[in-house]
Structure formats: C-alpha cells, structure tokens
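A short write-up of the structure that comes next.
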Amino acid sequence: MAIDVATMRDLQYKVAAQVDLTCAFSSLHEIKTVAGADVSCDMFSRIGYAAVVVYSYPSLKRIEEAGVKRELDIPYIPGYLSFREGPLIHECLKKIKARPDVLICDGQGLAHPRRAGLACHIGVSEDLPTVGCAKSRLIGEYHALLDDRGERSELYDKNERIGVVLRSRSRVKPLFISPGHKMDIDFAADLVLSMCKFRLPEPIRAAHNYVNWLRKSDAS
DNA sequence: GCGACAG
DNA sequence: ATCTTGTCGC
C-alpha cells in the first residue's frame, strides 16, 4: 500500500520548514562540481530509471555518473512528484563517489504550493545545495519575457517571489528556476544559465540522455 | 462547482 | 513521463 496524499502533504510542510534559502556560495567561482538528476519511466509500467551525472564547473566536463532501475512507489500526482522520483534519485546519489557541490533537479524547488518541490525535498534530506529546474510551470504568475537568451521574469505566488522564469536560449520555451536548499533564487538562475549550451543545463541533459539509454538498452 | 496541474 | 522520423528554421 502506497503512502497517502494526506501523509505526503504533512511531510511536505516539514520539509518546507527545514529549507534554507541562504545560498551556500558567495560566488559561482566557489563551485567545482555540479550534478544533474533525471528520471524516466515505461508507459503504463511501474518501473522507473534514474540517473545522476556529475560535471566539473565551469569547464563542464563529465566526471562520473550513476544509474538505477527500480519500481516506482506511487503514480504521478501534481504537487507530489518528489515521492515518486525522490527515492530513485537518493539511490543514485549513494552510488556517486564524490559528493557534488550542487545538484540540479528536473522539477520545481520553492515554486511549489507548499514550498516543498522535488529540489527542496532532495536538498533537505541529503543536506545538499539544490536547484529546481522545471520545463513547465506548476504554480505562480509571471510576465511574458523577451525572446533573447538570458531574459528572465520574476515568478510570484500571491505576493511572494518563488522563482524565476528564464530564457536559457533564444527563441525557445523558458525554464522555471527555483531554489531547492541552501540556495537562493538569483544564484540558482545564474548558475543554470551559465551551464546552458542548449535549452537545458548540461548536467540535466546528460542525465536525461543516460536515463533513456538505460531504459532502452534494458528492453533487449 | 470549475479549471489548473513539475514528471 | 511515453508512443515516434524526418524535416523545417535559426
């Protein structure tokens, strides 16, 4: 029997209470390694594949990676993604030899109804600086942005600033960036932009490719 | 009640 | 997220 929504919601309030929005770094120069995490699943199967790939910073060279195949505990429920993907990402992190300075997650961080998105949940439980980098919006309002790379718009929920909508590449759909843990909004956006050769930051692209490689090469 | 809704 | 190849545009 899977965990119920009420229990997950209560856990999210506890996670939110532990989130630290003070950036662990005073400058991007202090960062030496950045990891990206991603999860992919078979359609109508409960099997999921996850990967964490570590990159050097700012040289952006691949250093190491870890993959995992495991059954997903619960289905995808908007607002509760961390309970579905979190466990697999934690297993990948255990396999990584050197702890990365920062972990970028494929999903929201602070920009969540209870301020406890995937990046916050992973960050708090691993006590690791994390960034939420989502490809679409979960909550929050923002103004349209210009279409040049680097353009950004504040993401607000009521009167609270919860993230930044960032154009990581000219003329492509923007990214929704929000801090996970030991991170602040603007630093998170600066870090992500500095790692974007294409729409997604390199560590996330690598994790996405690796996870799909795992899944496909497994069905044979 | 109705619409929105990370991956 | 997933089913899917080539193709058009910057």
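Letters A, B, ... mirror the listed sequences (proteins, then strands); counts begin at 1. Note: hydrogens, waters and symmetry copies are ignored here, and every other heavy atom, side chains too, is used.
Here the side chain of R137(A) is nearest to one of dG7(B), dC3(C), dC5(B), namely dC5(B). Nearest to the side chain of P78(A), among dC10(C), dG7(B), dC5(B), sits dC5(B). Of all nucleotides listed (dG7(B), dA6(B), dT2(C)), dA6(B) comes nearest to the side chain of L138(A). The side chain of Y76(A) sits closest to dA6(B) out of dA1(C), dA6(B), dT2(C).
Tested against V164(A), the residues V192(A), I185(A), L145(A) include a single side-chain contact (heavy atoms from CB on, under 4.5 Å) partner, I185(A).
No side-chain donor from either of T7(A) and D10(A) sits under 3.5 Å from a side-chain acceptor of the other.
The aromatic ring centroids of Y210(A) and Y49(A) lie 6.0 Å or more from each other.
Across all strands shown, Y80(A) has heavy atoms under 4.0 Å from base atoms, whether or not it also approaches the sugar-phosphate. Residue G79(A) is in base contact, counting any heavy-atom pair closer than 4.0 Å across all strands shown. The residue E85(A) sits close only to the backbone: its heavy atoms come under 4.0 Å of sugar-phosphate atoms, none of a base. Looking at heavy-atom distances under 4.0 Å, D147(A) makes no contact with the nucleic acid at all.
When side chains are defined from C-beta on, R169(A) does not count as touching K197(A), because their heavy atoms never get closer than 4.5 Å.
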